[in-house]
Amino acid sequence: MLIVEEFFEKIFFPNLKKYTETSSIYGPLVTKAMPQESKRFPIVPIKLIDSISKYTTLSYDEEAFSFGIIINVYAVDNGNTSKRTICNEVTNTIVNYIKNEYKMTVKIELDVPNSDSNVQRNIITITGKIDTKYGLDKLVIYPK
């Protein structure tokens, strides 16, 4: 599981954070943990989930890792801009980054019910496989 965690911590999360915070017109806060209460919106907590290792039967001891990443996007109304507009723009920014940088399966849930009706929520679920066939320096990522 270490390879997936290293990919998430050193490559995926920092690059997505930088891209999203600078490319979205609403300047969201991208974080690894969801604070109990946030006064800063939009906020985008990201979590690595379901990392599974599988050895193949190939002669060079190839190992593949399946993984998932959950990205929540939360927004509130800001002046004349609706929470839904803000949430969808941040969601689109994230999805565009993933489509351009990685080959992963992306599932988007819009208008997800939230315990606080003043907060809009979208969920992006990403799944993929990392193949170590070419070594750790050249990880190959496939859709799952």
A.B. asks: Atom CD1 of Ile69 and atom CG of Leu48: how far apart are they, to the nearest 0.5 Å?
C.D. replies: 6.0 Å
A.B. asks: Please name the pair of heavy atoms, one in Met104 and one in Ile126, separated by the smallest distance, quoted to 0.1 Å.
C.D. replies: SD-CG2, 3.1 Å
A.B. asks: Side chains of Glu89 and Thr85 only: does a donor on one sit below 3.5 Å from an acceptor on the other?
C.D. replies: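 No, no side-chain donor-acceptor contact under 3.5 Å.
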A.B. asks: Compute whether any side-chain donor of one residue and acceptor of the other, for Asn122 and Asn88, lie under 3.5 angstrom apart.
C.D. replies: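 Their side chains do contain a donor-acceptor pair, which is all the 3.5 Å distance test asks for.
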A.B. asks: Any link between Leu110 and Val90 through a network of hydrophobic side chains (Ile, Leu, Val, Met, Phe, Trp, Tyr) touching at under 4.5 Å?
C.D. replies: yes
A.B. asks: In Å, rounded to the nearest 0.5 Å, how long is the span from SG of Cys87 to OH of Tyr26?
C.D. replies: 11.0 Å
A.B. asks: When rounded to the nearest 0.5 angstrom, what distance separates NZ in Lys83 from CG in Asp111?
C.D. replies: 10.0 Å
A.B. asks: For the OG1 atom of Thr125 and the CD1 atom of Ile70, what is their distance to the nearest 0.5 Å?
C.D. replies: 4.0 Å
A.B. asks: Just checking Phe12 against Tyr102, ring centres under 6.0 Å apart?
C.D. replies: yes
A.B. asks: Closest approach of Val30 and Glu21, non-hydrogen atoms and distance?
C.D. replies: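 Nearest pair, atom of Val30 first, then Glu21: N-OE2, 2.9 Å.
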A.B. asks: Could you tell me if the side chain of Thr127 sits less than 4.5 Å from the side chain of Phe67, heavy atoms only?
C.D. replies: no
A.B. asks: Is Tyr97 close to Thr20 at the side-chain level, that is, under 4.5 Å between some pair of heavy atoms?
C.D. replies: no
A.B. asks: Taking the six-membered ring of Phe13 (Phe, Tyr or Trp), confirm whether the NZ or CZ of Lys32 is under 6.0 Å from its centre and within 45° of its axis.
C.D. replies: yes
A.B. asks: Would Ile86 and Asn78 count as a side chain to side chain contact (heavy atoms under 4.5 Å, CB included) if you check the C-alpha gap in whole Å, the side-chain angles of each, and the deciding distance to 0.1 Å?
C.D. replies: CA-CA 8 Å; Ile86 296 168; Asn78 187 356; 3.7 Å; yes
A.B. asks: Look only at the side chain of Lys129 and the backbone of Phe65, and say whether a donor-acceptor pair between them is shorter than 3.5 Å.
C.D. replies: no
A.B. asks: Can you list the steps and then say if Val44 with Leu29 is a side chain to side chain contact (heavy atoms under 4.5 Å, CB included)?
C.D. replies: CA-CA 6 Å; Val44 181; Leu29 172 63; over 6 Å; no
A.B. asks: Among Ile46, Ile94, Ile123, Thr93, find the one that has a side chain to side chain contact (heavy atoms under 4.5 Å, CB included) with Val73.
C.D. replies: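 So the option named by the test is Ile94.
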A.B. asks: Heavy atoms only: give me the nearest Val76-Asn118 pair and the separation to one decimal.
C.D. replies: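 Where Val76 meets Asn118 most closely, the heavy atoms are CG1-O, 3.5 Å.
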A.B. asks: Between the side chains of Asn114 and Gln120, does any donor sit under 3.5 Å from an acceptor?
C.D. replies: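 There is no such pair (donor and acceptor under 3.5 Å, judged by atom type) between the side chains of Asn114 and Gln120.
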A.B. asks: Return the set of residues passing salt bridge (charged side-chain N to carboxylate O under 4.0 Å, His left out) with Glu109 (not counting sequence neighbours), or none when no residue passes.
C.D. replies: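 If we apply the salt bridge (charged side-chain N to carboxylate O under 4.0 Å, His left out) test to Glu109, skipping adjacent residues, there are no hits.
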A.B. asks: Cluster question for you: counting only ILVMFWY and a side-chain heavy-atom cut-off of under 4.5 Å, with indirect links fine, are Ile49 and Phe8 together?
C.D. replies: no
A.B. asks: So, taking the atom named CG in Asn72 and the one named NZ in Lys47, what distance separates them when rounded to the nearest 0.5 Å?
C.D. replies: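 Output value for this atom pair is 10.0 Å.
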A.B. asks: Check whether any side-chain heavy atom of Pro28 sits under 4.5 Å from a side-chain heavy atom of Phe41, and report yes or no.
C.D. replies: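 No, too far: nothing below the 4.5 Å cut-off.
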A.B. asks: Please say whether more than 12 non-hydrogen atoms of neighbouring residues, nucleotides or ligands are located less than 6.0 Å from CZ in Arg40.
C.D. replies: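 Yes.
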